[in-house]
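In what follows, residues are counted from 1 in the order of the sequence shown.
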Amino acid sequence: MHIRGDHVELVVGGRLDVRSAADARTVLHTAVDDGVGDLVLDLSELDSWDATGLGVIMGAHRRAGRCGRRLVLRGVPPQMQRLLVATRLHRILAIEGGLGVESLPRV
C-alpha cells in the first residue's frame with residue numbers, strides 16, 4: 001500500500017488491508033489533524049480493501065467529523081462501490097460524484 005499527498009488530498013494505492021491498516025491510519029489521522037476543510041481521499045489506485053481497511057476509512061471519516069472536516073472519497077473502484085452499497089456506507093460517506101447506485105449489479 002502507498003499513500004501520497006498532503007492534508008488536502010491523499011491518493012491511496014495498492015491494498016488497504018490488515019497488514020497496512022496501522023500505517024494508513026497514522027497517515028490519515030495526521031492529514032485530518034493538520035488541515036482544514038475537506039480531505040479528499042482518491043481511491044482510484046486502490047486495488048482492494050478488506051474489512052480492516054474499510055474500518056480505517058470509517059475511522060478517518062469519524063475523526064474528520066470531530067475536527068470539523070469532511071472526508072470525501074474520489075475515484076472509488078467499482079468493486080469497492082458495490083461493497084459500500086452492500087454495507088449501506090454509501091449513505092454515510094461523502095463520495096464525489098455519487099456512486100450511480102442504480103447501475104451497480106446487485107450483491
Side-chain angles (χ1 to χ4, degrees):
M1 183 218 47
H2 65 273
I3 299 178
R4 65 181 189 277
D6 55 25
H7 56 272
V8 176
E9 181 176 347
L10 295 171
V11 178
V12 181
R15 296 174 54 103
L16 182 54
D17 56 19
V18 69
R19 289 174 289 189
S20 60
D23 292 336
R25 185 177 297 110
T26 299
V27 172
L28 290 174
H29 287 188
T30 299
V32 167
D33 294 345
D34 290 349
V36 295
D38 288 351
L39 172 61
V40 176
L41 198 57
D42 186 333
L43 304 178
S44 59
E45 296 179 18
L46 191 63
D47 297 326
S48 65
W49 61 15
D50 65 7
T52 305
L54 187 54
V56 169
I57 300 290
M58 291 306 299
H61 164 76
R62 285 189 298 274
R63 188 179 192 104
R66 287 193 300 271
C67 292
R69 298 188 72 187
R70 187 173 70 136
L71 183 71
V72 179
L73 303 183
R74 173 186 291 160
V76 181
Q79 68 274 22
M80 289 164 231
Q81 290 181 18
R82 287 189 287 276
L83 180 61
L84 292 175
V85 170
T87 57
R88 298 182 189 254
L89 292 175
H90 71 290
R91 296 179 178 189
I92 297 169
L93 294 166
I95 301 167
E96 191 175 85
L99 285 183
V101 173
E102 58 282 345
S103 65
L104 292 174
R106 293 178 95 40
V107 289

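H61 NE2 to I92 CD1: the interatomic distance, rounded to the nearest 0.5 Å, is 6.5 Å. Taking OG1 of T30 as the reference point, atom CG of L10 lies at 10.0 Å (rounded to 0.5 Å). Atoms CG and CG, from D23 and L28 in turn, are 11.0 Å apart once rounded to the nearest 0.5 Å. Considering CG of D47 and CE of M80, their distance stands at 7.0 Å, rounded to 0.5 Å. In this structure, E45 CD and R4 CZ are separated by 4.0 Å, a value rounded to the nearest 0.5 Å.
Note: the hydrophobic cluster containing V11 does not contain V32 (ILVMFWY, side chain heavy atoms under 4.5 Å, direct or indirect links). No single ILVMFWY cluster, assembled from side-chain heavy atoms under 4.5 Å apart, contains both V27 and V40.
Annotation for R69 and D38: closest pair NH2-O, 3.4 Å, computed over non-hydrogen atoms. Closest approach of P77 and L46 over heavy atoms only: CG-O, 3.7 Å. Nearest approach of S20 to R15, heavy atoms of both residues: OG-O, 3.0 Å.
The shortest side-chain heavy-atom distance between L84 and L73 falls under the 4.5 Å cut-off. Under the 4.5 Å side-chain criterion, counting only non-hydrogen atoms from C-beta, I57 is in contact with L71.
Partner of I95 under the side-chain contact (heavy atoms from CB on, under 4.5 Å) criterion, out of V76, L43, V72: V76 alone.
For the salt bridge (charged side-chain N to carboxylate O under 4.0 Å, His left out) test, residues two or more places apart in sequence or in another chain that qualify with R74 are E9, E96.
Legend: salt bridge (Lys or Arg N to Asp or Glu O under 4.0 Å) pairs involving residues 48-64, not counting sequence neighbours, sorted by first then second residue: D33-R63.
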